Amino acid sequence: MQPTTSPTRRALLLSTLTFAVMGAMGTYPLVAYAAPVIGQSAPAFVATDSTGQQISLDQFRGKIVTLEWTNPDCPYVRKHYGSGNMQALQKEARAKNIVWLTIYSSAPGQQGYVSGADADRLTVERAAAPTRVLLDPTGQIGHLYNARTTPHIFIIDAEGRLVYMGGIDDRPTTSTSDIQGATNYVRAALGDMAAGRPVATPVSRPYGCSVKYAS
Amino acid sequence: MKGFINRRMFGKLIAGVLLSASFISNAQAAAPSLEESVQTAHVSVTMVSERSTVAPGDRLSILLQQKIIPGWHTYWRNPGDSGQPPQITWRLPPGAHAGPIQWPAPQKISVGPLVNYGYANSVGLISDITVPPDWPANRPFPVLADVTWLVCADICVPEQHFFALSVPTGTASVSAIEKAPLFNAARTSQPTASPWRTTISGHDGMVTLRMELPVAQASQVVAAQFFPDDWGVIDHAAKQQYSVAGGNLIITTPKGDLPPPAAAGGIVTISEKSEKGIVQRAYSFTTTAVTATTAPLAASQAATNPQSSMPLMAILLSALVGGMLLNLMPCVFPILAMKALALVTHAAETPRRRIAEGAAYLAGILLSFAILGGSLLILKTGGSAVGWGFQLQNPALVAMLSYILFAAALNLSGMFEISGRFMGMGSALASRSGVLGSFFVGMLAAIVATPCTAPFMAGALGVALTQPAPVAMATFEMLGLGLGLPYLLLSLFPTLGRALPKPGAWMNTFKQVLAFPMYASAAWLVWVLAQQTGADGVFAVLLGMVAIAFAIWLWRLPAGTPFTRMLRAGSFFAVLLGSMLLAATVLPQATHISGMSSKDEPSEPFTHARLVDLRAAGKPVFVNLTAAWCITCKVNERIALSGEAFHTALKAGSYTYLKGDWTRQDPEITQMLTSFGRAGVPLYVVYPPNGGRAEILPQILTQSIVLDALKPPHLAVATSGDTPCNPPLPQPAAHCSYRP
């Protein structure tokens with residue numbers, strides 16, 4: 001038995017360590033894009049809003065937070081904004097002291113990519129009522145939540161846990177006439193939370209145009 | 001001349017043209033319209049009728065053909081991460097009914113990091129409409145449809161058109177021949193219904209789809225992709241991994257937003273090697289679910305890959321116990337009786353000789369099992385579909401066994417003695433012949449024991465046969481050890497010997513009594529032979545037994561002179577040979593009579609094709625795999641599978657009773673046994689209606705077990721039809737598909 005490790009042994013150890021680290025790094029992208037899970041902590045993030053301020057999810061701890069992915073040129077988004085459906089939801093939420101964050105994850109050059117100024121103008125034009133509008137041109141937040149469509153809604157409770165993810169309602173069409181008789185999952189979820197009940201439908205199919213990520 | 005057509009004339013000309021055009025178009029509004037096209041910015045959509053005339057009550061296929069500009073796509077019933085499939089809202093006269101869209105196999109379309117399922121370039125969607133039978137024959141049948149679709153590239157555009165067709169009606173339907181190529185192309189692009197058993201399961205965030213392909217086809221697979229009918233089953237964008245194990249195609253992929261479903265439908269596209277190169281085929285299927293955890297061992301062994309294994313110790317231990325219990329089975333009992341008698345006879349012998357005989361008996365058993373097991377493994381590697389008990393599937397072997405048992409019974413009856421002098425050896429070796437005798441008795445015991453191993457050993461044997469040869473052989477030998485162990489223990493421990501009564505005249509009577517179980521076993525084998533070969537075979541083997549008895553009598557004749565000794569020997573061997581030859585020539589030609597089911601038993605012969613057909617039709621099936629030489633099977637049939645209650649239960653649940661007879665070799669039955677992880681019969685499987693999960697019944701049946709298993713109603717799995725419904729609920733009680 002040698003008292004000190006020989007050069008060969010040291011080299012072997014080092015290579016093994018390197019490979020192990022590389023292997024671990026290699027799996028990182030898979031980990032980063034894992035989908036959020038109902039009942040567990042919603043992924044934390046920090047983003048720039050339309051006015052240039054840094055906003056983090058943590059600063060809203062203690063309040064219910066709703067995330068809404070949007071793209072104003074998408075026919076499905078236009079269905080809900082054109083009819084006033086989305087604005088009504090936002091106003092109802094704000095009245096209950098719920099934070100509403102509208103997020104633009106379109107990459108530069110893609111449909112729905114907006115600058116901060118454009119985003120604010122659109123908010124005024126649409127008579128929308130979000131608490132903040134977040135700009136996510138790199139798609140980082142979108143990937144964190146596995147946001148796939150516009151619109152795509154996520155609701156986070158006051159303790160930071162994800163309680164709802166999916167579409168606005170159960171009629172996946174572009175026709176405004178389908179809003180009236182549809183089951184509005186967002187309204188239902190917020191109602192459940194207000195009454196202290198567990199959310200009856202925590203997952204539903206999100207429908208709409210694809211989020212215009214960079215790649 | 002210039003100015004010939006001046007302005008006023010031009011105006012009149014246009015008016016005239018427009019007027020006549022309106023007349024023409026009005027006339028055409030009343031005319032039949034078998035086709036209508038619309039060209040939007042991105043898609044050229046045509047709705048076409050397959051028939052130029054349709055008879056009332058008949059089916060009318062309508063094709064919606066989409067030709068999409070390059071770079072854009074439309075969607076499948078499950079559009080994937082985003083998008084929306086085409087929706088047809090039919091406006092038909094009352095009494096007419098439109099079926100759902102028949103979806104062609106989709107492609108995976110990447111949109112950045114997201115994935116959609118849909119179609120590029122061109123797609124044909126066929127729907128079948130039934131014309132009401134009371135439709136007046138002269139009135140054209142109107143087919144009106146409000147069609148909306150979403151067409152996307154990197155941006156999405158919803159489009160819509162209202163189609164109006166009018167198909168003439170008549171007494172007989174006439175196909176529009178020029179449209180046939182369009183319809184053929186659309187139908188060819190649809191997936192084929194898969195005839196194979198498919199299961200889905202979920203664990204650790206992954207969903208696994210398992211499809212049981214024929215082994216030859218599975219080995220040609222080079223790529224496979226799973227498209228679920230419904231949203232939320234899988235992560236559409238994640239890479240799918242496929243593997244081929246045995247005949248199973250296994251596709252694993254991360255799960256979707258919903259928990260893994262109770263059942264799923266979808267399409268699997270398989271790329272496989274063929275003579276024409278790599279060919280891609282699409283198959284549609286519905287699955288039965290396998291829950292990840294709580295299924296009991298036997299059921300999970302059967303429902304999943306038979307290569308799921310018990311730990312080695314468990315296999316060997318159950319083989320040992322099974323062997324010990326075998327001593328009590330009717331097949332082995334006569335042999336044991338003989339050995340018990342020998343033990344009593346030799347109670348006065350030295351312990352050493354007794355132990356030697358016990359060991360020799362065990363050695364005979366072990367050698368027999370080694371030969372049997374070895375032959376089985378060799379046959380399997382050679383490709384034969386054989387299972388445990390295969391030696392009794394051969395009528396010649398059955399005949400030989402019955403001769404041996406008959407001769408042994410004659411020996412016990414006192415018709416002849418096997419003494420040392422028979423071999424021409426001295427009396428000093430008489431003891432050795434006792435040992436040799438024990439050895440051969442051991443071999444005999446093992447051979448006759450094999451049809452009875454199933455009840456205790458089925459699972460362990462089945463698993464052992466899928467393991468490498470050393471494990472399989474070890475299992476066989478443990479079985480043999482169990483079989484010979486009680487007798488060996490008896491010979492090892494003199495205390496037990498002291499418990500036996502002292503030798504006396506009663507021994508002779510006892511020996512003669514024991515002859516009768518042996519005669520009974522021989523008779524049973526003749527009965528087995530009757531199943532396999534019919535009356536001719538029975539006659540041949542009975543003649544053979546007569547010949548043996550005659551040969552033995554010849555042998556016992558006092559032989560004074562060398563000449564008479566030679567004559568005796570000659571005639572003995574001649575008769576013996578004669579009986580062998582008789583058996584050998586008659587038996588292979590004797591026809592197999594499946595006298596397994598009586599006239600009023602409501603059973604059908606089991607074939608794999610029939611089972612697949614019934615399952616595909618959603619009908620419940622009860623499968624009974626049995627054999628004439630399988631005593632457990634016979635007992636079960638007598639106790640639980642015959643009689644009023646059983647037949648009533650079959651009828652009440654509308655079960656089709658498939659009975660598989662494995663008395664002679666049947667590769668289909670062997671295949672079925674193997675797919676459930678079994679090596680031998682009996683096997684009882686209950687298939688509920690509508691593709692539910694199969695239930696395997698235990699090998700020892702009681703009437704209550706069978707009646708409980710056949711009790712309707714079984715929970716039918718809700719299949720997705722054209723009923724409109726909401727997106728999946730949090731508790732996946734029923735699975736819905738989207739309105740086409």
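Lettering of chains follows the sequences in order, A, B, ..., and the numbering in each one begins at 1. Computed from a predicted model, the values in this text were never measured in an experiment.
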Check whether any side-chain heavy atom of B/Asp257 lies under 4.5 Å from a side-chain heavy atom of A/Arg148, and answer yes or no. yes
Can you pull out every side-chain hydrogen bond (donor to acceptor under 3.5 Å, both in side chains) where at least one residue sits in residues 143-158 of chain B? Sequence neighbours excluded, please. B/Asp146-B/Gln160, B/Trp149-B/Glu159
Report the distance from atom CG of A/Asn146 to atom CG of B/Asp81, rounding to the nearest 0.5 Å. 7.0 Å
Would you mind listing every disulfide (SG to SG under 2.5 Å) that reaches into residues 131-174 of chain A, with sequence neighbours excluded? none
Tabulate, in ascending numerical order, the residues of residues 155-162 of chain A having at least one heavy atom closer than 4.5 Å to a heavy atom of chain B, or enter 'none'. none
I'd like to check B/Ser82 versus A/Cys209 (side-chain heavy atoms, cut-off strictly below 4.5 Å). Are they in contact? no
Between CG of B/Leu258 and OG of A/Ser204, what distance do you get to the nearest 0.5 Å? 9.0 Å
Is the shortest heavy-atom distance from the side chain of B/Trp231 to the side chain of A/Pro206 under 4.5 Å? yes
Which bit of A/Thr173 comes within less than 4.5 Å of chain B, counting heavy atoms only: side chain, backbone, both or neither? both
SG (B/Cys156) and CG (A/Asp73) are apart, to the nearest 0.5 Å, by 11.5 Å
Pairs satisfying disulfide (SG to SG under 2.5 Å), at least one member in residues 98-128 of chain A, at least two apart: none
Is it the case that atom NZ in A/Lys63 sees more than 12 heavy atoms from other parts of the structure closer than 6.0 Å? no
Per-residue contact mode, B/Cys152 against chain A (heavy atom under 4.5 angstrom): neither
More than 12 heavy atoms of other groups within 6.0 Å of A/Gln180 CD: no
Are more than 12 heavy atoms from other residues, nucleotides or ligands located less than 6.0 Å from atom NZ of B/Lys108? yes
